[in-house]
Amino acid sequence: MSELKVYNSLTRTKEVFTPVTPGYVGMYVCGPTVYSDVHLGNCRTFISFDIIYRYLKYLGYKVRYVRNITDAGHLEGDRDEGDDKFSKKARLEQLEPMEIVQKYTLGFHKVMELFNNLPPTIEPTATGHISEQIEMVKQIIANGYAYIVDGTVYFDVEKYNKEKPYGILTNRKLEDLLEGTRALGGQDEKKGRLDFALWIKAKPEHLMQWPSPWGMGFPGWHIECSAMSGKYLGKQFDIHGGGMDLAATHHTNEIAQSQACYHTSPVNYWLHTNMLTVNGARMSKTAGNGFLPHQLFTGDHPLLDKAYAPMTVRFFMLQTHYRSTLDFSNEALQAAEKGLKRLWEAYENLSSLVYQDIDNAQLDNELEKRCINLVNGFDESMNDDFNTAKVLANMFELAPVINSLKHGQVLLASISKQTLELLQNKFSAYLFDIFGLKNEKENDSALLDGVLQLLIQIRKEAREKKDFTTSDKIRNKLQQQGITLKDEKNGSVSWAID
RNA sequence: GGUCCUGUGGCCGAGUGGCUAGGCAGAGCUCUGCAAAAGCUCCUACAGCGGUUCGAAUCCGCUCGGGACCUCCA
């Protein structure tokens, strides 16, 4: 089998993945800022990394997956004045800041569960790691890369850049960055216009503030990830992930902070997911074009024709590579819904096949070989920077083969028992364990099936008497209720909920 | 302005220089009391113009279009 290769933003190439400690992987993903509902763009990133997490586990790695909850300190805009988002929202909703945090953290977890994302192994909060952040800031000051102005601590970017390339992650030179930076207000305190705050002095009216060696304040925008990844994954760890929008500022500053503190590059592989777009423009909180998950599940949104199930959305996202932009549209979602249905039917057909060793002479070597190649292609594609779309294409190529085996167009003995088992095992592993899909039909109760079996029996008797009026009535009425009856080749009848 | 990404058939989308990805939609056929489902077949595209090459969707250059980041955002 091939080796796992991942696209590393730091080097802008695909590299063979070699963890720091053989057999173990440390992965940090930037989590949500919990002052409002997560939108689908946020969800895309978390789903992408959920797949990556699941695949690493499938490969046999023991993975420590850390995803933070940002619940402190983010300012509105690039200013040293102004409230943090939690205080502002708290005033609007007349709640304690920690009530806001609680509310949206619970909402976030609920959404992650609906999408069937596995929880991270550690989910640390910024407010729970204030002292770690303060210690890190102290160390950066001690190392000479930060300065204090009236209770606020700034990182000295220009000094840092003399030793290490500050813009390494996005391939930018400091001069270019300085040129591109617009003059913003409230920057008089800073020595350099790219300098960013590690610790921010709080005004008396700030609701969230903590004591520090520099007075009452709150942590800067980027230090929490550096402090918490360092604490749980070490000074140098394997994978750091997040949305592409975080690379230029947040991740760039994380690298600088960790270098300045520990004198080591914190992350070996930087993985960035691309944006979800609506009509070609990026979905974002501030642009107001965000879809909330519940709007999608209920269809309650002006741009949506109907409701879509969480698994349809998950599948929709799997059809595109995580580093490509994905455009959100009704047409694309409907296509995904139908495609997923077809895949489930193929999977159900596959699982129902029981091998019968009738005659080995009927083995179709060509078909056998084709099946094996397509199945082995699953791992090959995933090893190529998690190409989920390619895996799905192979599955769809196998679907007609599976369906033919089931419906008798092709004899089951055309493939060997081992190959059938290989298909069954790999489909199951990929659909459930790696892609994290679940069959929403599973909720169907035994009771419903019992009732339908009765109707199917009555219809069968009617058909035997050529009483098609009755038989069609049963089928049509059930269809109106959203239940489809299918007369199979062998005379049995199956049913499905649309 | 700077740093990048991107342009694939009606739509969505994968793509390692040579072997028509795949899905959805559409058309025809087989099966069937009729449907549905399933199977088979058809629809062979790579923004434009040059270049490299025996051979380019894939590499290079230019032109045009779209997008992201440089300011909180996954």
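Quick note on labels: first sequence line is chain A, next is B, and so on, each numbered from 1.
One finds no side-chain N or O of A:S404 lying less than 4.0 angstrom from the OP1 or OP2 phosphate oxygen of B:A38. Proximity of A:N171 to the phosphate of B:U3: no side-chain N or O atom is located under 4.0 Å from OP1 or OP2. Between A:N42 and the phosphate of B:A74, there is a side-chain N or O to OP1/OP2 separation shorter than 4.0 Å.
Separating the C1' atom of B:C62 from that of B:A45 is a span of 24 Å, rounded to the nearest Å. Across the P atoms, B:C59 and B:A68 are found 24 Å apart, a figure rounded to whole Å. Taking atom P in both B:C70 and B:A27, the straight-line distance is 47 Å, to the nearest Å. Spacing of P atoms, B:C64 relative to B:C49, comes out at 15 Å, to the nearest Å. To the nearest whole angstrom, the two C1' atoms, one in B:C60 and one in B:C12, are 30 Å apart. B:A25 and B:G7: their C1' atoms are spaced 23 Å apart (whole Å). Taking atom P on both nucleotides, B:G17 is separated from B:A57 by 13 Å, rounded to a whole Å.
Nearest-nucleotide positions on RNA chain B place A:F316 closer to the 5' end than the other of A:F316 and A:G31. Both A:R475 and A:A281 sit near RNA chain B, but only A:R475 has its closest nucleotide nearer the 5' end.
The side chain of A:R172 approaches B:G2 more closely than any other nucleotide in the set B:G2, B:C34, B:C40. Distance from the side chain of A:D245 is smallest for B:C73 among the nucleotides B:A21, B:G2, B:C73. Residue A:A389 places its side chain closer to B:A14 than to any other of B:A14, B:A38, B:G22. Side-chain proximity of A:D487 to B:C70, B:C73, B:A35: nearest is B:A35. In the set B:G2, B:A36, B:G23, B:A36 carries the atom at the smallest distance from any side-chain atom of A:K486. Counting only heavy atoms from C-beta on, A:N403 has its side chain closest to B:G39 among B:G13, B:G39, B:G33. Proximity note for A:L177 (side chain, C-beta onward) versus B:C70, B:C34, B:G13: the nearest is B:C70.
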Could you pull out all donor-acceptor pairs under 3.5 Å where a side-chain atom in residues 338-346 of chain A meets a protein atom, sequence neighbours excluded?
residue, atom, partner, partner atom, Å
A:E345, OE2, A:K486, NZ, 3.2

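No engagement by A:M244 is indicated, since no non-hydrogen atom pair under 4.0 Å with the nucleic acid exists. At the heavy-atom level, A:G41 lies under 4.0 Å from base atoms of the strands shown. Residue A:M283 is classed as a base contact, given a heavy-atom separation below 4.0 Å to a base. No engagement by A:S381 is indicated, since no non-hydrogen atom pair under 4.0 Å with the nucleic acid exists. Contact annotation for A:L276: base contact, defined as any heavy-atom pair under 4.0 Å involving a base atom. Residue contacts for A:T320: at a heavy-atom cut-off of 4.0 Å it reaches the sugar-phosphate backbone alone, with no base atom in range.
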With 3.5 Å as the limit, what N/O pairs link the protein to nucleotides 15-19 of chain B?
residue, atom, partner, partner atom, Å
B:G15, OP1, A:N387, ND2, 3.4

Shorter than 3.5 Å, N or O on both sides, protein versus nucleotides 24-29 of chain B: list them out with atom names.
residue, atom, partner, partner atom, Å
B:A25, OP1, A:K338, NZ, 3.1

Pairing string, 5' to 3', for RNA chain B - Watson-Crick or wobble contacts under 3.5 Å, brackets [ ] where pairs cross, | to another strand: (((((((..(((.....[...))).(((((.......)))))....(((((..]....))))))))))))....
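For the pair A:L326 CG and B:C5 C1', the interatomic distance rounds to 16 Å; values are reported in whole Å. What separates CD1 of A:I168 from P of B:C70 is a distance of 19 Å, to the nearest Å. The distance from atom CH2 of A:W495 to atom C1' of B:A35 is 19 Å, rounded to the nearest whole Å.
Every residue meeting the side-chain hydrogen bond (donor to acceptor under 3.5 Å, both in side chains) condition with A:Q479, not counting sequence neighbours, appears here in chain and number order: A:T484, A:D498. Partners of A:T312 under the side-chain hydrogen bond (donor to acceptor under 3.5 Å, both in side chains) rule, at least two apart in sequence or in another chain, do not exist in this structure.
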Would you check, one step at a time, whether the test side chain to side chain contact (heavy atoms under 4.5 Å, CB included) holds for A:I47 with A:F435? CA-CA 9 Å; A:I47 289 171; A:F435 289 167; over 6 Å; no
Show the numbers, then the answer: is there a side chain to side chain contact (heavy atoms under 4.5 Å, CB included) between A:L169 and A:L10? CA-CA 5 Å; A:L169 189 58; A:L10 199 58; 3.8 Å; yes
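Using cut-offs of 30° and 60° on the angle between ring planes, the pair A:F291 and A:H301 is parallel.
A side-chain donor-acceptor contact under 3.5 Å links A:N68 and A:T70. With 3.5 Å as the limit, one finds no donor-acceptor pair spanning the side chains of A:N274 and A:R44.
Residue ring and nucleobase are stacked for A:F468 and B:G33, with a centre distance beneath 5.5 angstrom and an angle between planes beneath 30°.
When side chains are defined from C-beta on, A:S226 does not count as touching A:Q133, because their heavy atoms never get closer than 4.5 Å. Side-chain contact between A:D305 and A:Q334 is present, with heavy atoms from C-beta onward closer than 4.5 Å. Residues A:R459 and A:R463 meet the side-chain proximity criterion, which asks for heavy atoms closer than 4.5 Å.
Salt bridge present: A:D385 and A:R323 bring a charged side-chain N and a carboxylate O closer than 4.0 Å. For A:R67 and A:D50, the salt-bridge test fails: no basic side-chain N is under 4.0 Å from an acidic carboxylate O.
When each of A:K390, A:H321, A:K14 is checked for a side-chain hydrogen bond (donor to acceptor under 3.5 Å, both in side chains) with A:D384, only A:K14 meets the rule.
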